[in-house]
Amino acid sequence: MENKYFKSLEELSIDITRETSEKPAGDKQFILEMQQEVKKMTSGTRRDFLKAFGFTIASAAIATSCEQPVRKAIPFLIQPEGIIPGKANYYASSFFDGIDYGSVLVKVRDGRPIKIEGNTLSSITKGGTNARAQASVLSLYDNERHKFPVFDGQETTWEQADEKIISQLNSIKVKQGKVVLLSPTVISPSTKAAIDEFVAAYPGTEHIQYDVLSASGMLKANEKTYGKAFIPSYRFEKAEMIVSFDADFLGTWLSPVEYTKQYIKNRKLTSGQGRMSRHIHFEGAMSLTGSNADHRVQLKPSQQKLVVANLLNVLRGKMGMDAAFLPASPVEVEKLADELMQCKGKSLVVSGSNDAEEQMLVNAVNHLLESYGTTILTDVHTKIRQADDARMDALVQEMNDGKVDGIIIFDVNPAYDYPEREKFIEGLKKVGLSVAMPVLDDETSYHVKFICPDHHYLEAWNDFEPMTGYYSLAQPAIRPIFKTRAAQESLLRWSGNSADFRTYMAGVWEQKMFTKATAEISFTDFWNKKVHDGVFETGEKESGINSFNGDNAFAALNSIKVESSEDSTDLVLYTNVSVGSGKHANNPWLQELPDPVSKACWGNYVAISPRLAIELNLKNEELISVNGSPALPVLIQPGQEYKTIAVALGYGREKAGVPANGVGQNLFGLIGKDAENKKYWLSDVNISTTGGKHPIAITQSHHSMEGRAIIRETTLEAYLENPQSGNEVRLEIKEHLKSMYPKAEFDGLHWGMAIDLNACTGCNACVVACSAENNVPVVGKEQVIMAREMHWIRIDRYYKGDPDNPEILRQPVMCQHCDNAPCENVCPVAATTHSNEGLNQMAYNRCIGTRYCNNNCPYKVRRFNFFDYTGADTMKGNRYDPAEMTTDLRRMVLNPDVTVRAKGVIEKCSFCVQRIQEKKLKAKTENRMLRDGEVVPACAQACPAEAIVFGNLNDKESMVSKYFADQRNYHLLEELHVLPSVGYLTKVKNKTV
Amino acid sequence: MKQTLFTRAILRRFAFACTLLLFIASFNAALAQTPEAEANYQQCKACHNLEGAKLIGPNLAGVTERREQDWLIKFIRNSQEMVQSGDPIAVALYAEYNNIPMPPHNLTDEQIIDILAYIKNGLKVAPEFAKPEPSNEELAAKMVLAAQIEAEQEARLQRLQDLERDANRNTGTIFIITLIILIVVIFDLLVTKVIKAKFVHTALILIGVVVIAEIAYKEAAAIGRQQYYQPDQPIWFSHKVHAAQNEIDCKYCHTAADYSKSAGIPSVNVCMNCHHQVKEGKITGTVEIAKIQKAWESGEPVQWVRIHNLPDHVYFNHSQHVNSGKLDCAECHGQVETMHEVMQVNDLSMGWCLQCHRKTEVQFANNGFYETYEKLHEQFKSGQIKKVTADMVGGGDCMKCHY
Amino acid sequence: MNKYLTAYYLDEEDLLKGLKKIMSKGVEVSDVLTPFPVHGLDKVLGLRRSRLSVVAFAGGAIGATLGFLFQAWVFTRAYPINFGGKPYFAVPSFMPVTFELAVLFAAFSMVFAFLISNNLGPGSKNIIHDEQITDDRFLLVVKMDEENEERIKVVENILSDAGAQGITLKA
Amino acid sequence: MYVSPIREPLIKGGKDYSQVTKDIMAPMAGKPSIYWYVGIAISGGALLFGAWATFVTVYYGIGSWGLNKTIGWAWDITNFVWWVGIGHAGTFISAILLLFRQKWRTSINRSAEAMTLIAIACAGFFPLIHMGRIVLGFFIFPYPNTRELWVNFNSPLLWDVFALTTYFLVSLIFWYVGLIPDIGTVRDKAKNKIRKAIYGFLSFGWTGSAKHWSRHETVSLILAGLAAPLVLSVHTIVSFDFATSVIPGWHTTIFPPYFVSGAVFSGFAMVLTLLIVTRKALNLEQYITKVHIESMTKIIILTGSIVGIAYITEFFMAWYSGVEYEQYAFMNRAFGPYAWAYWIMMTCNVITPQLFWFKKIRTNLVAVFIISIFVNIGMWFERFVIIVTSLHRDYLPSSWTMYTPTMAEVGLYVGTFGLFFTLFMVFIRVFPVIAIAEVKSVLKSSSDEKKHTHHE
């Protein structure tokens with residue numbers, strides 16, 4: 001992938017403000033041909049593509065000279081170097097929203113970032129991304145972005161705002177008052193430097209970090225056992241035995257993309273290693289990670305600490321240490337301890353709890369199992385959670401006590417996500433100088449005097465150090481769309497430094513990073529190379545970590561008591577892989593992304609176990625209130641622990657924008673607190689029905705495979721004995737496949753895709769990537785309830801076995817590009833046909849919408865545009881756009897290479913044909929054959945688990961051919977003899993039957 | 001590089017020789033003045049004279065003695081980079097020639113060395129490539145022929161324009177007249193009965209219906225099409241003057257055609273490369289050129305009217321056709337060098353695309369990409385098939401253009 | 001100038017009997033107009049069997065051939081496209097359309113032939129000798145030479161002998 | 001002429017030819033009754049409802065229906081197949097019964113054929129309106145175009161286009177050819193000049209010449225010969241829409257005969273429903289007698305039994321094939337969420353027609369009327385069951401959904417009823433509802449008066 005870099009901001013001369021504001025900006029170096037392209041997408045012709053045939057046909061014969069609308073072609077005044085109209089560039093950047101980190105490439109087409117891809121140069125994310133990183137490009141074009149600085153609710157200029165803020169800061173300085181910088185976890189070295197500069201300029205300043213999803217307990221536990229508050233880095237790929245206590249490390253815990261990449265290394269069997277890690281998961285709610293485990297144990301959160309303590313106790317006993325006297329474990333841990341003992345040094349125990357004591361116990365377990373140094377590294381720190389919950393609580397108290405004179409809030413939103421948000425808002429009112437620096441509209445900015453909007457990360461320079469020694473850079477991929485300014489630059493300005501942040505950052509890098517460089521001689525070379533690569537990895541290590549000190553842990557072990565009675569009901573507050581903490585709630589792609597477990601989207605709900613539902617006489621969608629919370633609908637979730645209910649955070653935004661406002665309910669208020677840390681669960685909750693129903697939008701309503709061989713699975717043991725196990729039926733089916741016609745042959749290219757079900761975790765990154773790449777419309781909650789979601793790729797989820805504790809099986813399904821495609825035969829107008837490369841083609845402009853192909857598709861992967869979701873229809877005023885995806889701003893995210901589909905046409909996965917064509921053309925111009933792995937569809941590119949392999953089936957050496965030749969390979973519904981070009985590898989679980 | 005059919009033919013003929021010579025070139029650059037150099041030199045010609053009056057840039061005679069070869073290669077590749085990096089000669093040159101940058105050229109080292117050798121040799125190709133000097137008679141005959149061809153092309157264009165105008169004027173009239181006749185005939189058949197012989201009615205009705213159906217069909221098919229579209233442009237820019245008389249290659253201005261989906265409308269600075277110097281034209285005098293000056297000074301880009309428009313559901317890529325398909329621009333755009341103002345000569349309909357895909361050969365033997373097609377290669381080698389056209393490698397598939 | 005002598009019966013059996021009688025006396029009955037098809041009438045009048053079935057067959061054959069060839073041309077010559085792995089020349093797929101076109105062509109060609117051969121059609125003006133013939137009258141028409149008044153008399157007598165009513169001479 | 005002594009007379013009341021003409025033309029003469037106005041007002045209202053639903057569908061999109069990602073067809077194609085089925089009776093009566101020389105058809109074939117044409121018009125509306133982009137519906141015709149793109153002759157939907165168009169056109173000319181002599185009668189009886197001119201134009205200059213009659217008979221017979229296989233082919237091809245697909249419950253080889261018999265079944269039921277009312281309203285009891293009605297009920301028993309056997313055969317085949325998807329589809333039909341639809345279908349189609357075995361019920365007009373409506377309901381549900389319950393749970397359980405209709409879909413269905421009855425009521429005012437000439441031609445052999453005279 002060719003990624004370009006900018007040498008300076010001045011060269012970045014693409015300006016799209018003219019698109020969004022009526023008045024042309026002063027910048028004359030403006031590519032208007034690009035603008036033309038943008039215009040086409042945003043307001044003009046692409047959506048009108050059938051207008052001509054639609055309604056002028058009748059008058060055509062008479063109006064013989066009916067003129068076409070004049071289209072303008074407006075060139076650059078001066079063509080910027082490296083930018084060719086109509087050709088995409090890739091720029092390395094980094095995504096960090098205070099929760100997830102990802103090193104990414106930004107695809108920029110004609111001046112607009114349109115797609116996020118993973119950066120393979122990063123050894124943290126290794127080219128993987130998650131759904132939120134994929135979706136982040138859409139938030140650049142959020143309708144509710146702050147467009148200019150605001151003072152007292154009125155638009156102001158940056159000069160005026162700066163002047164007022166500086167004078168107030170100075171008066172605080174004079175009276176020796178206190179200023180607080182409230183930020184999410186800061187992992188940017190340059191931002192830290194800027195903050196330091198600010199603190200130096202205003203000595204009464206305190207920098208407080210605030211994590212919505214806190215790991216404060218872990219930090220404190222490590223402080224107690226290792227003498228420093230840090231989060232170690234994990235090496236799941238080195239672990240042969242993984243035990244997780246409610247740590248959703250594949251979905252939401254710390255750095256899921258990184259962990260997925262590691263985890264999958266030991267789960268894939270395609271390179272013939274015949275070895276798999278064993279993953280045991282304890283949890284109350286049903287999480288993504290839990291559903292991927294080999295063995296999932298239901299455990300109420302209030303009992304989790306007790307189980308960890310018992311495990312520690314048993315291990316100590318087995319190792320001949322003195323055991324404490326503990327209350328009995330609610331689940332049996334003897335066998336688990338035995339298994340762990342066998343994998344000593346190759347095991348990893350993690351806990352998602354924010355309880356410092358529990359984390360200490362976990363540390364002790366890991367210490368006993370000799371995990372430190374192999375699967376857990378204390379000298380490389382994961383830095384993406386640094387906040388101390390107690391500090392934030394103290395701040396809110398101080399604010400209410402009038403002890404804070406000024407507060408500058410970075411891109412955090414405590415007025416929404418702080419547990420006692422009312423108290424925070426009250427306190428904020430008492431602060432003389434309140435400045436917010438958000439990117440998107442949020443609740444907090446309604447309570448501050450100054451809004452000094454920050455750039456979106458795709459418009460800004462930035463640097464990150466997510467892990468010790470792993471640096472990465474972010475560079476602007478577009479000129480700021482609105483009158484925003486980098487938050488760091490604002491800080492610098494207020495502390496009297498007039499440097500722009502890029503220069504400042506380069507300075508920091510010259511001083512701090514360049515010294516660590518080995519290959520480059522000049523800083524310019526170094527800088528250009530690093531900006532180009534996006535990452536800089538030094539391999540440096542942390543120092544000053546003590547050796548393990550078990551005293552505190554042992555003390556904790558001894559003080560364990562039973563926290564809740566047997567029949568109390570626990571509530572788990574979790575975040576999902578889509579909207580997460582709610583920061584991304586205004587992103588329609590994420591709102592419409594089905595939860596990997598429940599398949600529900602557009603809102604939260606109370607997940608409740610089937611047994612409890614019967615007991616409480618609750619039905620799906622009935623409204624209930626938990627501990628007096630706002631009413632939420634019930635969703636009966638198989639696999640949920642009997643007495644545990646769960647609700648997702650991140651919903652119920654009030655000031656986020658049309659897509660997010662009023663979707664779901666905000667339950668941050670229920671977050672509890674133990675001694676010093678936030679507690680994401682409650683015991684002994686009170687459930688009351690409030691009457692009424694609220695519909696839940698679920699994309700899959702039937703959960704059983706009905707005994708069909710849809711997902712074929714086996715156990716590791718059986719697989720080692722017979723690699724075909726679980727897939728035996730394939731041989732039988734193959735024998736019976738006969739046809740009256742000869743099999744079609746493809747010369748040259750025959751595209752195929754193989755999906756390793758063992759690797760796929762169901763994280764949904766592919767779904768968002770596909771939507772972004774292919775302009776898949778967002779249809780909104782009502783339409784999802786009507787079962788009309790448009791996703792070209794979906795992840796089917798089936799429950800198997802005991803409904804109270806089922807196994808979960810997942811399968812990504814997209815168009816299978818059958819070589820005997822049933823859909824093609826039935827289209828009366830030849831709108832869907834087969835290409836000579838084995839693609840099942842869909843010509844939208846030919847489609848008349850009979851939906852016959854959809855009916856005749858056994859996989860039901862075709863999608864019909866029931867309404868005018870995109871604004872591409874010929875008729876005016878019938879647009880159906882509940883998520884406001886067709887505003888001029890939002891439309892900038894559209895991929896110009898993919899047609900925007902009109903009302904009444906069928907669409908479906910094209911195997912990203914635009915990418916195939918692009919790479920074929922590249923090969924042609926370079927006078928060579930295509931290389932295996934050169935063409936990567938969006939889903940495969942995004943997949944952090946490397947579950948999707950794409951390539952040429954005619955090339956016997958290609959990866960996909962090898963997958964197809966694997967004995968685990970099978971085709972979905974192959975007995976129909978439709979000859980799909982997508983293969984699946986059987987799911988293998990490391991479990992004993 | 002001016003890729004007319006003629007030069008392409010030459011190129012192909014000398015393909016082997018070129019490769020051979022490129023091989024030799026690594027030993028002795030001065031030897032390699034291939035016809036390719038002659039073609040590539042067209043790019044230089046726009047701004048440089050060999051000797052005599054200076055154009056936009058310095059004269060090229062003796063340039064190879066004046067400068068180091070490495071310096072020249074670098075400069076030709078990207079002069080601005082050198083100016084910015086502070087190369088003294090480059091900076092001086094830049095200042096001397098009114099701060100007009102020499103645009104970067106996408107040429108290989110070999111190509112540049114080749115051109116330099118060609119310049120050194122006084123714009124002559126190496127003897128082994130040289131065409132025999134034509135005699136006076138031949139020259140005269142050639143000139144006559146050229147004049148004839150030009151006249152023919154002009155006449156053809158005129159015919160097209162006339163046809164289009166006539167067609168526009170006439171279809172409406174014909175339609176209305178036919179409609180009236182049809183109504184009268186039907187009325188007569190049923191009511192007045194003036195004409196006794198019914199076959200007259202039948203014939204007239206049949207003819208009328210056919211005529212009306214044909215007009216309706218043609219016009220319905222032409223909706224969204226702009227064949228013969230020739231809008232007035234904000235600047236009266238003559239392709240004939242630029243492309244034919246001044247022999248500027250298409251891709252000198254439409255630079256992106258080789259690399260991108262769109263060929264690109266030249267940015268104003270490209271125009272200014274020449275028009276810093278050239279302030280008066282042969283036809284319009286200073287009037288039109290002043291407009292581009294004005295655009296340059298005011299910073300308002302020129303809003304040209306797009307002529308060749310495809311519907312939005314069609315994906316067309318210039319580099320696919322120009323670069324890897326080695327098509328001549330004229331195959332789709334017509335003889336632009338004969339037109340002052342450009343007119344769309346083809347209807348750009350799907351049928352037109354398909355017909356071309358069915359008859360146009362791909363670079364099957366020459367391009368490594370096609371090695372993928374093993375069976376086709378077998379058939380090709382065994383003589384089973386004589387040529388491989390675009391539709392044989394999927395050029396007729398929907399998703400080549402619609403996705 | 002020709003004149004027509006008409007006479008009618010009120011029952012088809014009387015008609016048939018009378019007609020036989022009249023014809024045996026050498027009167028050339030040029031036409032018989034009836035309100036519904038009378039069986040045996042064509043035999044008495046000596047009408048030939050209609051060849052419309054030949055037209056229908058020819059039309060059907062043309063329709064089927066054209067239909068089949070057109071489909072084959074489209075799929076193998078004009079624009080061969082791979083539909084669901086089927087060969088381009090997929091004969092079973094062509095059958096329904098071929099059949100329908102055969103029937104369509106057969107039916108239309110025959111009906112057009114019928115209309116043309118009978119000089120029927122929209123706006124066609126045939127002589128209507130008696131408006132009652134579409135109700136309950138069975139009318140005989142005998143073409144007479146105007147000059148030969150004697151012969152007219154003779155025929156009139158024959159008609160009335162045969163029980164025909166309402167004998168009239170029309171221009 | 002030999003007349004079977006056992007057979008009941010087909011035409012009662014001792015009519016002569018002139019009386020026949022008068023009786024049959026009576027509904028066309030004079031001012032229509034108040035009932036006619038009420039009827040046309042109601043059906044016009046239904047038509048307006050349909051117009052509204054059409055607008056909503058075209059303007060807002062198919063989204064105004066209850067379809068979803070899994071169920072691409074529901075009421076639209078159900079209605080389409082149902083109407084096509086109803087459109088089978090007319091041509092079946094005229095063509096097949098003509099070939100079999102069934103004289104009782106003469107009293108009912110005209111109105112049945114008219115009903116056929118109108119029903120096909122109603123049916124044809126649904127494939128049009130169900131298109132997502134109806135304005136581009138012309139793509140479906142193989143016309144020469146600058147795209148050089150034709151149509152897909154592999155598609156059953158395209159076959160439908162040809163089959164329906166052919167069926168409609170052939171039925172139309174068949175009907176019209178039969179009408180020509182009767183229009184001649186109307187023309188000759190017309191007193192008003194304009195009326196005479198119009199009918200004169202429409203009568204194509206009919207004279208009643210023996211030669212014309214002879215050819216007319218030939219044409220009718222050959223058209224019947226052509227229309228007979230056509231009738232069978234139309235529903236066969238409609239059934240291909242399902243039978244050639246891969247969906248369990250659709251992919252069934254017995255569909256063609258099953259659909260054809262079902263179509264005749266529902267067609268006759270509709271003819272009964274209409275004629276029982278028409279004969280009463282237009283005083284045609286002596287022409288459309290109980291004999292006619294009984295004959296039709298007998299055909300209903302036959303076809304209803306075939307349909308019943310087909311239902312059972314489907315189940316047997318699902319079990320016998322050993323295909324799990326097929327088995328599930330049928331179990332799901334009978335016991336799944338749409339079981340109610342299945343049992344309505346079974347009751348109405350298999351059980352109720354069996355009541356016609358009893359002569360008392362067969363000859364009781366009220367009972368026949370009610371049962372005929374039941375059959376129509378049952379046949380509608382048959383198509384609903386085939387389409388919706390097969391689609392809603394097909395291969396991958398992840399995509400299984402449910403379907404509920406919307407007001408727009410109801411509107412379209414009601415609208416076609418409006419169209420149907422409006423056109424039918426216009427028809428009875430404009431053309432003779434019974435084939436006058438044909439009745440006259442069988443009058444002697446089949447009327448009660450003539451029976452007496454011939455037995456002497």
Side-chain angles (χ1 to χ4, degrees), chain A residues 50 53-55 57 700-708 710 783 786-789 794 796-798 811 813 822 824-831 833 846-852 854-856 858-860 862-868 873-875 878 880 902-906 972-973 976 978, chain D residues 58-73 76-77 127 130-140 147 149-161 241-242 244-248 250 323-325 328 387 390-391 393-403:
Chain A
L50 285 157
F53 254 125
F55 283 108
I57 183 84
Q700 182 180 344
S701 53
H702 200 90
H703 309 302
S704 158
M705 280 195 285
E706 297 292 341
R708 300 174 180 185
I710 293 168
Q783 293 292 295
M786 298 278 281
R788 291 171 179 175
E789 72 277 2
R794 61 168 198 260
D796 285 349
R797 180 270 294 124
Y798 298 104
Q811 182 177 39
V813 180
E824 292 168 9
N825 286 320
V826 299
C827 176
V829 292
T833 59
R846 179 70 176 169
C847 178
I848 56 171
T850 66
R851 300 182 298 290
Y852 197 178
N854 185 30
N855 288 338
N856 209 22
Y859 308 97
K860 291 290 174 281
R862 289 178 161 262
R863 296 289 178 258
F864 183 70
N865 284 271
F866 281 100
F867 286 116
D868 178 19
D873 189 41
T874 47
M875 282 174 266
N878 62 352
Y880 186 94
K903 178 191 88 187
V905 306
I906 286 273
L972 192 51
L973 302 176
L976 299 180
V978 292
Chain D
V58 174
Y59 184 69
Y60 292 105
I62 302 296
S64 48
W65 298 359
L67 305 177
N68 54 47
K69 62 180 178 187
T70 307
I71 301 169
W73 291 345
D76 46 358
I77 302 301
H130 100 294
M131 288 179 190
R133 299 206 295 177
I134 193 169
V135 287
L136 294 171
F138 59 87
F139 279 179
I140 209 162
R147 284 170 231 107
L149 189 56
W150 300 92
V151 292
N152 181 6
F153 291 110
N154 294 311
S155 169
L157 216 51
L158 190 91
W159 305 340
D160 271 355
V161 172
D241 282 352
F242 309 105
T244 63
S245 79
V246 298
I247 301 303
W250 283 14
V323 179
E324 55 177 327
Y325 309 111
Y328 186 90
I387 292 170
S390 302
L391 281 176
R393 290 187 170 179
D394 61 344
Y395 286 102
L396 298 184
S398 64
S399 295
W400 291 2
T401 56
M402 292 293 287
Y403 161 81

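Just so we're on the same page: letters track the sequence lines, and every chain starts at 1.
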**Student:** Hey, could you give me the CD1/CD1 distance between Ile140(D) and Ile848(A), rounded to the nearest 0.5 Å?
**Tutor:**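 Output value for this atom pair is 4.5 Å.
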**Student:** Which answer fits Glu824(A), side chain, backbone, both or neither, if we ask what part of it has an atom under 4.5 Å from a heavy atom of chain D?
**Tutor:** backbone
**Student:** Please classify the contact of Pro822(A) with chain D as side chain, backbone, both or neither, using a heavy-atom distance under 4.5 Å.
**Tutor:**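 The answer is the side chain of Pro822(A).
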**Student:** Give the minimum heavy-atom separation between Gly72(D) and Asn854(A), together with the two atoms involved.
**Tutor:**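 Scanning both residues, the minimum pair turns out to be CA-ND2, 4.4 Å.
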**Student:** At what distance, to the nearest 0.5 angstrom, does OG of Ser398(D) lie from CE of Met705(A)?
**Tutor:**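 Rounded to the nearest 0.5 Å, the OG-CE separation comes out at 10.5 Å.
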**Student:** Identify the heavy atoms of Pro397(D) and Ser704(A) that sit nearest to each other, and give their distance.
**Tutor:**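 Reported closest heavy-atom pair: CB-O, 3.1 Å.
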**Student:** Nearest 0.5 Å please: distance from the CD1 atom of Ile247(D) over to the CG atom of Leu976(A).
**Tutor:** 9.0 Å
**Student:** Donor-acceptor check, side chain of Tyr852(A) to backbone of Asp241(D), threshold 3.5 angstrom: yes or no?
**Tutor:** yes
**Student:** Are Tyr798(A) and Leu396(D) side-chain neighbours, meaning at least one heavy-atom pair lies under 4.5 Å?
**Tutor:**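 Yes, close enough: below the 4.5 Å cut-off.
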**Student:** What's the shortest heavy-atom distance between Gly904(A) and Arg133(D), and which atoms?
**Tutor:**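 Nearest pair, atom of Gly904(A) first, then Arg133(D): O-CG, 3.6 Å.
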**Student:** Given the options Arg797(A), Arg862(A), Arg794(A), which has more heavy-atom pairs under 4.5 Å with chain D than any of the others?
**Tutor:** Arg794(A)
**Student:** Kindly indicate whether the side chain of Tyr859(A), heavy atoms from C-beta on, has any atom under 4.5 Å from the side chain of Tyr395(D).
**Tutor:** no
**Student:** Counting only non-hydrogen atoms closer than 4.5 Å, does Arg708(A) touch chain D with its backbone (N, CA, C, O), its side chain (CB onward), both, or neither?
**Tutor:**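 Both backbone and side chain.
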**Student:** Is Ile906(A) in contact with chain D via its backbone, its side chain, both, or neither, using a 4.5 Å heavy-atom distance?
**Tutor:** neither
**Student:** Let's test your reading of the structure: which of Arg846(A), His703(A), Glu706(A) forms the most heavy-atom pairs below 4.5 Å with chain D?
**Tutor:** Arg846(A)
**Student:** Within the structure provided, determine whether Lys860(A) and Lys69(D) are in side-chain contact (heavy-atom separation under 4.5 Å).
**Tutor:**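 Sidechains of Lys69(D) and Lys860(A): no contact.
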**Student:** Could you grab the distance from atom OG1 of Thr401(D) to atom NE2 of His702(A), nearest 0.5 Å is fine?
**Tutor:**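 Thr401(D) atom OG1 to His702(A) atom NE2 measures 12.0 Å (nearest 0.5 Å).
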**Student:** Would you name the heavy atoms of Leu157(D) and Pro828(A) that are closest together and state the gap between them?
**Tutor:**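 Here Leu157(D) and Pro828(A) meet closest at CD2-CG, 3.9 Å.
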**Student:** Between Phe866(A) and Trp65(D), is the ring centroid distance below 6.0 Å?
**Tutor:**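 No - the distance between ring centres of Phe866(A) and Trp65(D) does not fall below the 6.0 Å cut-off.
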**Student:** Nearest 0.5 Å, please: how far is CZ in Arg851(A) from CD1 in Ile77(D)?
**Tutor:**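 Interatomic distance, Ile77(D) CD1 to Arg851(A) CZ, rounded to 0.5 Å: 7.5 Å.
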**Student:** Tell me which of these, Phe153(D), Tyr325(D), Trp250(D), has more heavy-atom pairs under 4.5 Å with chain A than the rest.
**Tutor:** Tyr325(D)
**Student:** Which one wins on heavy-atom pair count under 4.5 Å against chain A: Ile62(D), Leu158(D), Val151(D)?
**Tutor:** Ile62(D)
**Student:** Do His130(D) side-chain atoms and Thr850(A) backbone N/O form a donor-acceptor pair below 3.5 Å?
**Tutor:** yes
**Student:** Determine whether a donor-acceptor pair (N or O, by modelled atom type, separation under 3.5 Å) exists between the side chain of Lys903(A) and the backbone of Tyr59(D).
**Tutor:**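 Present.
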**Student:** Is it the backbone or the side chain of Ser399(D) that comes under 4.5 Å from a heavy atom of chain A, or both, or neither?
**Tutor:** side chain
**Student:** Of the backbone (N, CA, C, O) and the side chain (C-beta and beyond), which part of Met786(A) lies under 4.5 Å from a heavy atom of chain D, both, or neither?
**Tutor:** both
**Student:** First locate atom CZ of Phe139(D), then atom SG of Cys827(A), and finally report the distance between them rounded to the nearest 0.5 Å.
**Tutor:**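 One finds 11.0 Å between CZ of Phe139(D) and SG of Cys827(A).
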**Student:** Side chain, backbone, both or neither: which part of Asn856(A) has a non-hydrogen atom closer than 4.5 Å to chain D?
**Tutor:** both
**Student:** Looking at Thr833(A), Asn855(A), Asp796(A), which makes the most heavy-atom pairs under 4.5 Å with chain D?
**Tutor:** Asn855(A)
